Structure formats: C-alpha cells, structure tokens
Participant: 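Structure incoming, see below.
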Amino acid sequence: MHKTIALRLAIAALLSGAAALTAGAHADTPRPGLLSSGDYAGGPLGSEQQPARVIPGNGSVYQVGKWPTYTAELAAGPGRDTVLGNCSMCHSVTYITMQPPLPAATWDAEVHKMIKTFGAPIQDAQAKEIITYLQTHYTPQTRKE
Ligand code: HEC
C-alpha cells in the first residue's frame, strides 16, 4: 500500500473514532440545570387535543364545580341601588367589598377619585348618597361582614 494512502486511512479512522466518542459523550454527560432530556413526541402536527370530559361516578372523591363568576353581595340598606347603578359601570362592586374596612373620609375621597380621576358620570346628589351608604356599611366601625 502506498504510504500516503495508509496515513490518510489511519487519520480517517482516528477522526471517526473521535466523532463516535464525542457523540456518546454528548448523549450521556449531564448538563447543569437539565434534569432529563429527550425528544418531543412527534404527535399529529396541526391539531390541538384535550382529554375527553370526565364524568364523575359514584366513587368520585371530589367534583369540580361550575366556573365561579363571583360578584359580592352589597349590604342591604338605603343607597344600595344607587351604588349598584353607578359603581358597576367600569368594574364590579366587588371592588368595594374587597377593600379592607376604610375610614369614612377615605370613602369620600374614593368616590371623588372615581368621578374626578376616572371620569365616572355621577351627579352630586347621587355621589352624596353613595358616600353615605359606604360610610354606613364599610368603615372599621360599621362593617359587619
Ligand atoms: C368611569 C369608570 C369607573 C366608575 C363609574 C367607578 N370606578 Fe372605581 N375604579 C375605576 C378605575 C379605573 C379603578 C382603578 C383601576 C383598577 O385598579 O382596576 C377603580 C378602582 C376602584 C377601587 C379600588 C381602589 C382604587 O382606588 O383603585 C374602588 C374601591 C372603587 N373603584 C370604587 C368605586 C365606587 C364606590 C364607585 C361608584 C361611586 C366606582 N368605583 C365607580 C373606574 C371607575
């Protein structure tokens, strides 16, 4: 065999050996932060799937109820309808009940903030009624639930 060809073959053999080694090392060497690796399952491309609805049987431990659309009940009393009519245009009245009990002056400021800052179209007489209602039911001294 010619010397150069023999040398080329030897180099080729060495290189492919090295390539096989690196490939092996690549698959097995743990990489930092990677707990497991692998290929994504091929799956049918272009389709979205969700599991069929599970109808709970008699042996079920729990059942998931309807999606809640929660809006708080406002305390009963004069002014309640005015609040419902004017304070649920932009957000639900849950914004009132989810506040901690607020001092009377804060409710006054809050209603004026809705009017002046956020542009709530509320007449003065109704604003007064709303403030009185909020102060009657939603201050630290008056809030019941
Ligand atoms: C013109 C629309 C609009 C109306 C009407 C309105 N609000 Fe608001 N309200 C807002 C906006 C905007 C925010 C702040 C946005 C947010 O945090 O989601 C807000 C937030 C609030 C908050 C949370 C605290 C705060 O200051 O951010 C309370 C409480 C509240 N509103 C009470 C009321 C009451 C009581 C009324 C009736 C007098 C009312 N809102 C009417 C627009 C309105």
Side-chain angles (χ1 to χ4, degrees), residues 5 7-145:
I5 295 177
L7 193 66
R8 277 193 189 150
L9 280 174
I11 290 173
L14 264 176
L15 282 179
S16 62
L21 270 177
T22 10
H26 181 73
D28 299 327
T29 314
R31 271 170 284 164
L34 192 67
L35 298 178
S36 63
S37 63
D39 293 322
Y40 291 107
L45 288 178
S47 74
E48 281 182 27
Q49 295 170 353
Q50 59 181 31
R53 188 173 161 221
V54 178
I55 314 266
N58 288 336
S60 296
V61 179
Y62 69 89
Q63 183 173 356
V64 177
K66 284 201 175 116
W67 187 260
T69 51
Y70 174 75
T71 298
E73 274 292 316
L74 288 182
R80 183 176 183 271
D81 287 347
T82 314
V83 172
L84 284 172
N86 290 281
C87 302
S88 52
M89 286 179 240
C90 307
H91 52 67
S92 92
V93 290
T94 307
Y95 269 42
I96 295 170
T97 55
M98 74 187 187
Q99 304 302 316
L102 297 176
T106 308
W107 280 121
D108 188 296
E110 194 63 38
V111 171
H112 285 105
K113 175 180 162 188
M114 296 304 131
I115 296 168
K116 289 200 193 100
T117 310
F118 298 136
I122 301 174
Q123 304 300 310
D124 279 355
Q126 286 160 328
K128 274 198 193 113
E129 205 185 325
I130 292 167
I131 293 165
T132 308
Y133 170 87
L134 294 170
Q135 294 173 341
T136 308
H137 301 283
Y138 294 99
T139 66
Q141 296 78 29
T142 60
R143 184 158 182 169
K144 294 203 184 70
E145 40 172 311

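Note that ligands are numbered from 1 as they come in the structure, with each ligand's atoms numbered from 1 the same way. From a predicted model like this one, the values you see are computed outputs, not experimental measurements.
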Participant: What atoms of ligand 1 come closer than 4.0 angstrom to any heavy atom of Ile96?
Facilitator: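 Counting atoms of ligand 1 from 1, those under 4.0 Å from Ile96 are 35 (C).
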Participant: Report yes or no: does Arg143 contribute a side-chain atom to a donor-acceptor pair with the main-chain N or O of Leu102 at less than 3.5 Å?
Facilitator: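 Looks like no, no N/O pair under 3.5 Å.
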Participant: Where is the nearest protein heavy atom to atom 23 (C) of ligand 1: which residue, which atom, and how far?
Facilitator: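 For atom 23 (C) of ligand 1, the nearest protein heavy atom is Gln99 NE2, 3.4 Å.
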Participant: Tyr138 vs Trp107 aromatic rings, parallel, tilted or perpendicular, using cut-offs 30° and 60°?
Facilitator: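 If you compare the ring of Tyr138 with that of Trp107, the planes turn out perpendicular.
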Participant: What protein N/O/S atoms are there under 2.8 Å from atom 8 (Fe) of ligand 1, waters excluded?
Facilitator: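 Short answer, with waters excluded from the count: His91 NE2, Met114 SD.
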Participant: Show your reasoning for whether side-chain hydrogen bond (donor to acceptor under 3.5 Å, both in side chains) applies to Thr142 and Thr139.
Facilitator: CA-CA 5 Å; Thr142 60; Thr139 66; 2.7 Å; yes
Participant: Could you tell me which non-hydrogen atom of His137 sits nearest to which non-hydrogen atom of Ala75, and how far apart they are?
Facilitator: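 Heavy atoms of His137 and Ala75 come nearest at ND1-CB, 3.6 Å.
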Participant: Which residue in the set Leu74, Ile96, Thr106 passes side-chain contact (heavy atoms from CB on, under 4.5 Å) when paired with Leu134?
Facilitator: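 Only one of Leu74, Ile96, Thr106 forms a side-chain contact (heavy atoms from CB on, under 4.5 Å) with Leu134, namely Ile96.
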Participant: Please list, in number order, the atoms of ligand 1 under 4.0 Å from a heavy atom of Ile122.
Facilitator: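 Matching atoms, with element in brackets: 38 (C).
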Participant: Hey, what's the ring geometry for Tyr95 with His91, parallel, tilted or perpendicular (30° and 60° as the breaks)?
Facilitator: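 Correct class here is parallel.
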Participant: Can you check atom 15 (C) of ligand 1: any protein non-hydrogen atom closer than 4.0 Å?
Facilitator: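 Answer no: nothing from the protein, no heavy atom, is under 4.0 Å.
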Participant: With a 4.5 Å limit on heavy-atom distance, are the side chains of Arg80 and Glu73 in contact?
Facilitator: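 Heavy-atom side-chain distance check passes, below 4.5 Å.
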Participant: Can you give the donor-acceptor pairs under 3.5 Å from side chains of residues 116-132 to other protein atoms, not counting sequence neighbours?
Facilitator:
residue : atom : partner : partner atom : Å
Thr117  : OG1  : Lys113  : O            : 3.4
Glu129  : OE2  : Thr82   : OG1          : 2.7
Thr132  : OG1  : Lys128  : O            : 2.8

